[in-house]
2 protein chains.
Amino acid sequence: MCPPAMTLSTPVPLAEHRACPVTDVLNRVGDRWSVVVIVLLGGKPFRFNELHRSIEGISQRMLTRTLRGLEHEGLVSREVFPTNPPGVEYALTALGESLLVPLSALARWAVEHHGELAAKP
Amino acid sequence: MCPPAMTLSTPVPLAEHRACPVTDVLNRVGDRWSVVVIVLLGGKPFRFNELHRSIEGISQRMLTRTLRGLEHEGLVSREVFPTNPPGVEYALTALGESLLVPLSALARWAVEHHGELAAKP
DNA sequence: CAGGATCCGAATGGATACTG
DNA sequence: CAGTATCCATTCGGATCCTG
């Protein structure tokens, strides 16, 4: 399968059938926290605990894992300042910023149509 | 937290602190198959087994569950034709179609920047 | 054809305690 | 401050068998 767009640009690495780009991106960013982090970092760089305080409900472990994941995928950069106590600053990379665009569109849809989705109970 | 956009429109149902709209939407649609199904149905209505054949790798159980979820959230409609053998047709609702728009933007980003994401191994 | 019902392994994610 | 290390519950999702 895979969205129409793919048929335009597909060399397709059949070797080890990787899922289609869309599925792949969602597997990387579609977890519980990644998008939240990206959107926050879209506003300004954050320090670790600053992020921790800003994201309600996230555990320290998950924040670490999420950041490591995003960093490792090239969406977020991590800079260490060897001050005392040490400071670490996270920010979006250029790639991360580019992802922020379509993500913002999705966020807009979310706030606009949020009420129309049926409740879960 | 929650993206800037939220501060513009937030009545906030504090009662039972539901996550922010963005997180909520991602929890509903950010699973393994929902987006794929939505994008496919964006092209035309599908019958059950037609979908099953079109989505490589999905199990019958997951297709059912995904469709039930989307239907129950108001993103997909389900119409039964009491023919013999019976036919069931799935299509996007108006809400589903509206979601397709930002999703397409994300899909476009995916196919364009797919190669830039670092590999996982 | 379009599913419902079970079973089970794998991945996700929270809580907690400890560290340079 | 910015993590790492464990432990454990829940969820996700595939495989398989069965039905109107």
Side-chain angles (χ1 to χ4, degrees), chain A residues 1 17-20 23-37 40-41 45-73 76-91 120-121, chain B residues 1 16-20 22-37 40-41 45-73 76-91 120-121:
Chain A
M1 156 299 168
H17 177 274
R18 275 219 181 284
C20 79
T23 301
D24 185 38
V25 167
L26 271 136
N27 282 341
R28 291 158 181 264
V29 146
D31 60 20
R32 190 136 190 76
W33 304 110
S34 289
V35 172
V36 181
V37 169
L40 273 177
L41 293 184
F46 273 75
R47 301 265 299 279
F48 185 88
N49 278 342
E50 194 181 359
L51 269 177
H52 197 182
R53 283 188 299 273
S54 303
I55 305 179
E56 185 168 12
I58 196 174
S59 67
Q60 185 207 46
R61 177 177 176 271
M62 276 304 113
L63 180 54
T64 303
R65 291 177 57 111
T66 302
L67 287 170
R68 289 283 175 281
L70 294 175
E71 180 193 359
H72 167 227
E73 281 153 12
V76 161
S77 67
R78 174 176 186 269
E79 190 173 4
V80 183
F81 299 95
T83 57
N84 193 314
V88 180
E89 203 168 83
Y90 293 93
K120 275 275 176 167
Chain B
M1 155 291 168
E16 176 159 329
H17 177 273
R18 275 217 183 286
C20 79
V22 182
T23 302
D24 186 38
V25 167
L26 271 136
N27 283 341
R28 291 157 181 267
V29 146
D31 60 18
R32 189 135 190 78
W33 304 110
S34 289
V35 172
V36 181
V37 169
L40 274 177
L41 293 185
F46 274 76
R47 303 265 300 279
F48 186 89
N49 278 343
E50 194 182 358
L51 269 177
H52 198 181
R53 283 188 300 272
S54 303
I55 305 179
E56 184 170 14
I58 196 172
S59 67
Q60 180 216 46
R61 178 176 176 271
M62 276 304 112
L63 180 55
T64 303
R65 291 177 58 109
T66 301
L67 287 170
R68 288 285 175 279
L70 294 174
E71 180 193 359
H72 167 227
E73 281 153 12
V76 161
S77 67
R78 173 176 186 270
E79 191 173 4
V80 183
F81 299 94
T83 56
N84 194 310
V88 179
E89 202 168 83
Y90 293 93
K120 275 276 178 166

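Taking atom CG on Leu63(A) and atom C1' on dT16(C), their separation rounds to 17 Å, with Å as the unit. Protein atom CG of Asn84(B) is 12 Å distant from nucleotide atom P of dC1(C), rounded to whole Å. Computed from coordinates, the Glu89(B) CD to dA2(C) P distance equals 10 Å when rounded to whole Å. Note: CD (Glu71(A)) to P (dA2(D)) measures 14 Å, nearest angstrom. In this structure, Leu26(A) places its CG atom 17 Å from C1' of dG13(D), rounding to the nearest Å. His52(A) places its NE2 atom 11 Å from the C1' atom of dA2(D), with the value rounded to the nearest Å. For the pair Leu51(B) CG and dC1(C) C1', the computed distance is 13 Å after rounding to whole Å. Protein atom CZ of Arg32(A) is 14 Å distant from nucleotide atom P of dT12(C), rounded to whole Å.
Residue Arg68(A) places at least one side-chain N or O under 4.0 Å from the OP1 or OP2 atom of dT4(D). The shortest distance between the side-chain N/O atoms of Tyr90(B) and the OP1/OP2 oxygens of dC1(C) is not below 4.0 Å. The phosphate of dT11(D) (OP1 or OP2) has no side-chain N or O of Arg65(B) nearer than 4.0 angstrom.
Just one of Thr23(A), Asp31(A), Val25(A) meets the side chain to side chain contact (heavy atoms under 4.5 Å, CB included) condition when paired with Asn27(A); it is Thr23(A).
Closest to the side chain of Met62(A), from the set dC1(D), dG13(C), dC1(C), is dG13(C). When the nucleotides dG20(C), dG14(D), dC1(C) are ranked by their closest atom to the side chain of Trp33(B), dG14(D) comes out on top. Nearest to the side chain of Thr64(A), among dT4(D), dG14(C), dA2(C), sits dT4(D). Picking from dC1(C), dG3(D), dG13(C) the nucleotide with the shortest atom distance to the side chain of Asp31(A) gives dG13(C).
Residues Leu63(B) and Trp33(B) form no side-chain contact, since every pair of their non-hydrogen atoms from C-beta on lies 4.5 Å or further apart.
Atom CG of Leu67(A) is separated from atom NE2 of His52(A) by 11.0 Å, given to the nearest 0.5 angstrom.
Not one N or O on the side chain of Ser34(B) forms a donor-acceptor pair closer than 3.5 Å with the backbone of Gly30(B).
Nearer to the 5' terminus of DNA chain C, by closest-nucleotide assignment, is the contact made by Phe48(B) (compared with the other of Arg61(B) and Phe48(B)). Each of Ser59(A) and Asn49(B) lies near DNA chain C, and the nucleotide nearest Asn49(B) is the one positioned closer to the 5' end. Where Ile58(B) and Pro86(A) meet DNA chain D, the nucleotide closest to each residue was compared, and Pro86(A) sits on the side nearer the 5' end.
Taking every heavy atom of both residues into account, Leu41(A) and Val76(A) meet most closely at CD1-CG2, 3.7 Å.
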